[in-house]
Amino acid sequence: MRSLQEHLREKFLATGGVRVSVCEEGRPCSACAGPMRVLKTVCRPVQTLEHGSFQLREVSHVCAAGCHRPDGGLVWRRASSLAELIIPGRSVGYDVMVWIGRQRFLDHRQRQEIRSALKSEYGITLSAGEISVLTRLFLDYVRRLHEACSPKLRRALENDGGSPWHLDATCEDGRGTLLVTLAGWRRWVLGAWKIPTECAEAIYACAHETLKRFGAPCAIMRDLGPAMIRACEQLVANLDTKIPVLGCHQHFLADIGGDLLQAGHDKLRNTLRRLKLRGGLRTLARDLSRELGADLDPARDAFRAWQQEPASHVLPAGNAGIAVVRGLAQWVLDFLADAQYQDFPFDRPYLDLYDRCLRVRRVVDGLLRNPPENRRVLSVLRRLGRIIDPVIKEPGLANTVQDLRVRARLFDDLRRTLRLFPRTNGRKQPSLAKPLTHQQAAAELRDLRTALRSFVSSLHKRRPQRGPAGNLRQAIDVILQHLKKHGKSLWGHEIRLPAKAGGGTRLVDRTNNLAESFFHAMKRGERRRSGRKNLAQDFERLPPESALVQNFKCTDYVEIVCGSLDRLPRVFADMDATERRKSAGRPKTTQPTLPNSMPMIETGSLPTLDRRLIRSEALRLRIDDIIWSKPPRITLSRPSLLSATV
């Protein structure tokens, strides 16, 4: 393989400086069928992946009789074979643009990486600015191809019996809001837009555009944001047929968990921070590490041996005992290991930290029943107990934790009822997203819905009507209120397929994790490219068409729009040829229409264009001029309210 690559590289470099003449004669004028004459000859350097870098001599022809097109221009012709290779107005081929676009948006490589790869693999030299221009041009071609193939994509979705939509938006620190519509069963991106903020008007306008292009969905999966709910309800209200608008079970649980646990968890976190627990434990572990010094590795071995010994409540002497105390302090600091690698409220990290403090304090008490004979080991063991003691003795903290545990148990019961579990040994629990028979789907949903009804009945029985159990009563009321508000949107995932699609039943995902995973992959790729953790600036400048490029990872989408990715440059060239033929018969317009133009709803957010306007020096000078200018003299012809006020 390495030898073949070197051979191809030599072939590419061998064409450098070679002059190629392209001249197509013999074809008559398309208007009068008369002869054509030479209009001009242009020499310029050209670079393609297929032929490498070479000098091109192109001869263009014009009608000898001076015929004009309907738009007023002369009838002229360039080489058709050249138009299939070179981008109009550029000195590179379609294949170079496609290769750069795939490297940028599918492999998430930087401009310098793309430049180096082009130079080393194909002998093509481009500037960083030219790569940026070709990247944006590639996105424009992808958008045009997606719009041109929308009838074919729509027929494919209709043959499936329709498609559920997954609507969601993402941003980074409130900037660069990207709204995406995903086809649930095909995993295609049907549309992507940049909106000023997640408001109902903007979401409805984008969803309505997808509706006109791909038809009505068989269901809509969305989160529980107020703007998203209003936009989906407005969209469904204007349809002739009723379709289910489903709420994400994951977001439903997260909303309930936030209302149940946020206040208590924040109070616990603030208390532990005020007590400086983690700082004290870090200081202890650091001091003991410095004390052990060069004996740290043997001390670790002794600590490991102590763990393997039979149950003993006696600390070893010397460095081994110090290593045990150091390990206990580090075990408390490693409280994040108890997490399920999910966000709050599914993970309660500070509750895990509090639990570890209690357990280590009990361990310290157990070891002090048989105090070590070594005074240094006894000293550090007592020091560890003194660091944890403020957590145990803090007034009211035990009651806060007790109330938090009561609410956490209720939340975990609801989570088990909805059967949304965390990862187990790196694998997800089986979901309801796969195609099922009608009997299997009905049984699965019936069991889940019955379990939730039983849970609600148990909540009504457990709810205390009066007495001191106010915390439990409030927690149950929170869950019941959410069920009353969003209960209808939790069901309706069973979609009956028409006879042309084979009949039967197919289920929609119970969560919006398809869109969440899509955004997660996009952000991970952008972080790989930029090296930045905060993507606020990157997402604000990222074009929405970059989401459409991810469709090229779907083989069924690629087969419909271009057959294979290797044919993508030829498809783009055919698109340009079709556009030239269409524009040749149209009169020239004074104001060209922008493709995919949609009226955007402006909101109170601060996009980049507005930020530049309000931060300009001219605006500051204008404000100062108005403030410090002398007010005009007002001449009153007769007494008025103004003079009386003065």
Side-chain angles (χ1 to χ4, degrees), residues 265-342 344 347-402 404-405 408 425-426:
H265 193 265
D266 288 348
K267 187 176 180 180
L268 176 61
R269 178 195 60 199
N270 296 335
T271 302
L272 295 179
R273 286 180 177 178
R274 177 172 53 82
L275 296 176
K276 299 180 181 180
L277 170 69
R278 298 170 68 184
L281 292 173
R282 290 194 190 100
T283 302
L284 174 61
R286 183 170 58 250
D287 292 344
L288 296 181
S289 299
R290 291 174 179 174
E291 181 178 344
L292 293 173
D295 297 330
L296 183 58
D297 288 338
R300 287 196 183 103
D301 295 336
F303 181 34
R304 186 179 298 107
W306 179 79
Q307 297 178 27
Q308 304 299 327
E309 291 179 357
S312 174
H313 296 171
V314 179
L315 277 180
N319 291 341
I322 295 177
V324 171
V325 177
R326 173 178 172 270
L328 292 175
Q330 291 176 330
W331 185 79
V332 177
L333 291 173
D334 192 36
F335 63 96
L336 292 178
D338 294 338
Q340 300 169 347
Y341 301 100
Q342 294 183 330
F344 181 85
D347 284 335
R348 281 85 66 177
Y350 284 93
L351 188 58
D352 296 334
L353 174 59
Y354 182 84
D355 290 338
R356 290 205 173 196
C357 288
L358 293 183
R359 298 183 66 182
V360 168
R361 190 63 183 90
R362 292 175 181 173
V363 170
V364 171
D365 292 338
L367 294 175
L368 287 176
R369 293 191 185 100
N370 296 315
E373 297 179 358
N374 190 309
R375 298 184 60 182
R376 179 54 185 162
V377 176
L378 179 61
S379 175
V380 296
L381 181 62
R382 288 175 175 173
R383 181 182 172 185
L384 176 60
R386 288 194 300 269
I387 293 174
I388 301 177
D389 279 342
V391 178
I392 310 299
K393 299 177 181 179
E394 177 67 18
L397 186 58
N399 294 332
T400 301
V401 172
Q402 181 63 27
L404 186 60
R405 293 188 194 279
N425 296 328

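The basis for the numbers below is simple: all heavy atoms, side chains too, and nothing from hydrogens, waters or symmetry mates.
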Closest approach of L378 and P371, non-hydrogen atoms and distance? CD1-CB, 4.1 Å
Among residues at least two apart in sequence or on other chains, which ones pass side chain to side chain donor-acceptor pair (under 3.5 Å) with R359? none
Which distance, rounded to the nearest 0.5 Å, do you find between the CZ of R356 and the CG of L336? 9.0 Å
Side chain proximity check, Y354 to L404, heavy atoms < 4.5 angstrom: no
Between L281 and L384, is any pair of side-chain heavy atoms under 4.5 Å apart? yes
Sequence-distant partners of R376, side chain to side chain contact (heavy atoms under 4.5 Å, CB included), two or more places apart: L288, E291, I322, N374, S379, V380
Taking atom CZ of R273 and atom CG of L268, what is their separation to the nearest 0.5 Å? 11.0 Å
For a 4.5 angstrom cut-off between non-hydrogen side-chain atoms, does L284 reach R386? no
Results of salt bridge (Lys or Arg N to Asp or Glu O under 4.0 Å) for D355 - residues two or more places apart only: R405
Where do L397 and V391 come nearest, in terms of heavy atoms and distance? CD2-O, 3.5 Å
Using the test side chain to side chain contact (heavy atoms under 4.5 Å, CB included), find all partners of A302 that sit at least two apart in sequence or belong to another chain. A320
Kindly give the heavy-atom pair with the smallest separation between I387 and G280, and that separation in Å. CD1-O, 3.5 Å
What class does the angle between the rings of F344 and H265 fall in, given that below 30° is parallel, 30 to 60° is tilted and above 60° is perpendicular? tilted
Can you find a pair of side-chain heavy atoms, one from N319 and one from P298, that are under 4.5 Å apart? no
So which heavy atom on A339 is nearest to which on D352, and how close? N-OD2, 4.5 Å
Distance in Å, D266 CG paired with T271 OG1, rounded so as to fall on 0.5 Å steps: 10.5 Å
Rounded to the nearest 0.5 Å, what separation is found between the CD1 atom of I388 and the CG atom of L277? 7.0 Å
Using the test side chain to side chain donor-acceptor pair (under 3.5 Å), find all partners of D301 that sit at least two apart in sequence or belong to another chain. R304
Which residue pairs pass the side chain to side chain donor-acceptor pair (under 3.5 Å) test when at least one of the two sits in residues 322-334, sequence neighbours left out? S289-R326
Please collect all salt bridge (Lys or Arg N to Asp or Glu O under 4.0 Å) contacts where either partner lies in residues 391-401, sequence neighbours excluded, each pair once. R274-E394
Under the ring-ring contact (aromatic ring centres under 6.0 Å, His included) definition, can you give me all pairs with a residue in residues 267-303, not counting sequence neighbours? none
For N370, give me all partners under side chain to side chain donor-acceptor pair (under 3.5 Å), at least two apart in sequence or on another chain. none
Please identify each residue that fulfils salt bridge (Lys or Arg N to Asp or Glu O under 4.0 Å) with R278, with sequence neighbours left out. none
Which atom names give the shortest non-hydrogen contact between P372 and L381, and what distance separates them? CD-CD2, 4.5 Å
Close side-chain approach of C357 to V332, heavy-atom, < 4.5 Å: yes
All N/O donor-acceptor pairs, side-chain side in residues 360-367, below 3.5 Å, sequence neighbours left out:
| residue | atom | partner | partner atom | Å |
| --- | --- | --- | --- | --- |
| R361 | NE | D389 | OD1 | 2.5 |
| R361 | NH1 | D365 | OD1 | 2.5 |
| R361 | NH2 | D389 | OD1 | 3.2 |

Sorted by chain and number, sequence neighbours left out, side chain to side chain donor-acceptor pair (under 3.5 Å) with R300 holds for D297
Note, L353 side chain near R269 side chain (heavy atom, < 4.5 Å): no
